[in-house]
Amino acid sequence: MPRSVPLRRLLVALLLSCTVLVGATACGGDGDSGASSSASPTGTSSAQAQKFAKTRFVTNAGLAAGATYQWVVKPYRAGKFKKGADGRTFALVKAGLAGGFAYNRLKAASDNAKGDPLLSKAVAPLTAGIASLKGLATKLRKGEAGEGDIGAFESVINSIKGAGKSAGAEVKDKVPSTSQLGG
């Protein structure tokens with residue numbers, strides 16, 4: 001008779017698989033865009049490039065905001081991260097994935113903002129705040145995140161939204177699908 005595998009080992013294996021998958025997909029970002037742009041004979045005007053930078057900024061920041069609210073802030077306020085709560089482990093794993101996803105999208109949004117002068121000036125002071133979120137996904141997965149950590153995440157998201165709005169690129173929450181979180 002086969003031995004049953006403890007739930008903890010399955011969760012660790014799942015978490016590691018998702019982490020590797022997210023890391024592998026995050027590496028393929030904008031590096032390939034150079035090859036495709038050299039194939040087209042016509043370039044984009046400066047105004048078009050700025051418009052696309054704003055559009056990509058709004059999309060990436062919206063996905064980060066949606067993931068943060070849906071899988072980090074909302075479950076935290078509902079008490080899903082407290083010891084003994086129903087579905088705590090699953091909520092923590094989803095929050096960890098969402099935290100990593102949100103960090104990745106915020107970094108991408110910050111890079112997108114560099115394509116628009118007004119947006120670049122508005123977002124530049126927020127890069128330190130985005131960088132401070134780097135280890136938060138791990139804290140969420142381990143169940144070590146507290147009110148201050150969740151507040152920091154919300155603060156950075158709200159700052160990004162405010163910066164976008166001041167530069168004419170209003171950011172609205174866009175909840176990513178669970179498959180987008182995993183890559």
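The figures here come from the full heavy-atom set of this structure, side chains too, leaving out hydrogens, waters and symmetry mates.
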J.: What pairs meet the salt bridge (charged side-chain N to carboxylate O under 4.0 Å, His left out) rule with one or both residues in residues 152-168, with sequence neighbours excluded?
T.: R77-E154, K161-D173
J.: Hydrophobic cluster mates of L118, side-chain heavy atoms under 4.5 angstrom, ILVMFWY only, any path?
T.: none
J.: With side-chain contact (heavy atoms from CB on, under 4.5 Å) as the test, would you mind laying out the steps for K107 and I130 before giving the verdict?
T.: CA-CA 7 Å; K107 291 288 284 181; I130 294 170; 3.8 Å; yes
J.: Can you tell me how far CG of L106 sits from CZ of F153, rounded to the nearest 0.5 angstrom?
T.: 6.5 Å
J.: Just by modelled atom types, is the A167 backbone N or O under 3.5 Å from a matching donor or acceptor in the K54 side chain?
T.: yes
J.: Can you tell me if S155 uses its side chain to pair, donor with acceptor, with the backbone of G151 under 3.5 Å?
T.: no
J.: Main chain of F81, side chain of R88: is a donor-acceptor contact present, judged purely on distance under 3.5 Å?
T.: yes
J.: Between A95 and V72, which heavy-atom pair has the shortest distance, and what is it?
T.: O-CG2, 3.8 Å
J.: Once you round to the nearest 0.5 Å, how far does CD of E147 lie from CG of D149?
T.: 9.5 Å
J.: State which residues pass side chain to side chain contact (heavy atoms under 4.5 Å, CB included) with S132; sequence neighbours excluded, sorted by chain then number.
T.: none
J.: In Å, rounded to the nearest 0.5 Å, how long is the span from OG1 of T89 to NZ of K80?
T.: 11.5 Å
J.: Linking I/L/V/M/F/W/Y whenever their side-chain heavy atoms sit closer than 4.5 Å, directly or via other members, would V156 and W71 fall into one cluster?
T.: no
J.: Verify the cluster assignment for L63 and F57: are they in a single hydrophobic cluster under the rule of side-chain heavy atoms below 4.5 Å apart?
T.: no
J.: Examine distances only and state if a side-chain atom of T59 and a backbone atom of T55 form a donor-acceptor pair shorter than 3.5 Å.
T.: yes
J.: Can you see which heavy atom on I157 is nearest to which on A65, and at what distance?
T.: CG2-CB, 3.5 Å
J.: Checking the side chain of Y69 only, and the main-chain atoms of K74 only, is there a donor and an acceptor separated by less than 3.5 Å?
T.: no
J.: Ignoring hydrogens, what is the shortest heavy-atom contact between G100 and A137? Give both atom names and the distance.
T.: N-CB, 3.5 Å
J.: Tell me the closest heavy-atom pair linking G66 and P176, and the distance in Å.
T.: C-CD, 4.1 Å
J.: What heavy-atom pair brings L119 and A163 nearest, and what distance separates the two atoms?
T.: CD1-O, 4.3 Å
J.: Taking all atoms of both residues into account, what is the closest heavy-atom pair of A61 and A109, and its distance?
T.: N-CB, 4.0 Å
J.: Walk me through whether Y76 and L140 qualify under side-chain contact (heavy atoms from CB on, under 4.5 Å).
T.: CA-CA 10 Å; Y76 181 80; L140 285 166; over 6 Å; no
J.: Enter the distance from L136:CG to E144:CD here, rounded to the nearest 0.5 Å.
T.: 11.0 Å
J.: Do F90 and P75 have side-chain heavy atoms sitting under 4.5 Å apart?
T.: no
J.: Does Q180 use its side chain to pair, donor to acceptor, with the backbone of S177 at less than 3.5 Å?
T.: yes
J.: What's the separation between atom CG in L97 and atom CG in L92, rounded to the nearest 0.5 Å?
T.: 11.0 Å
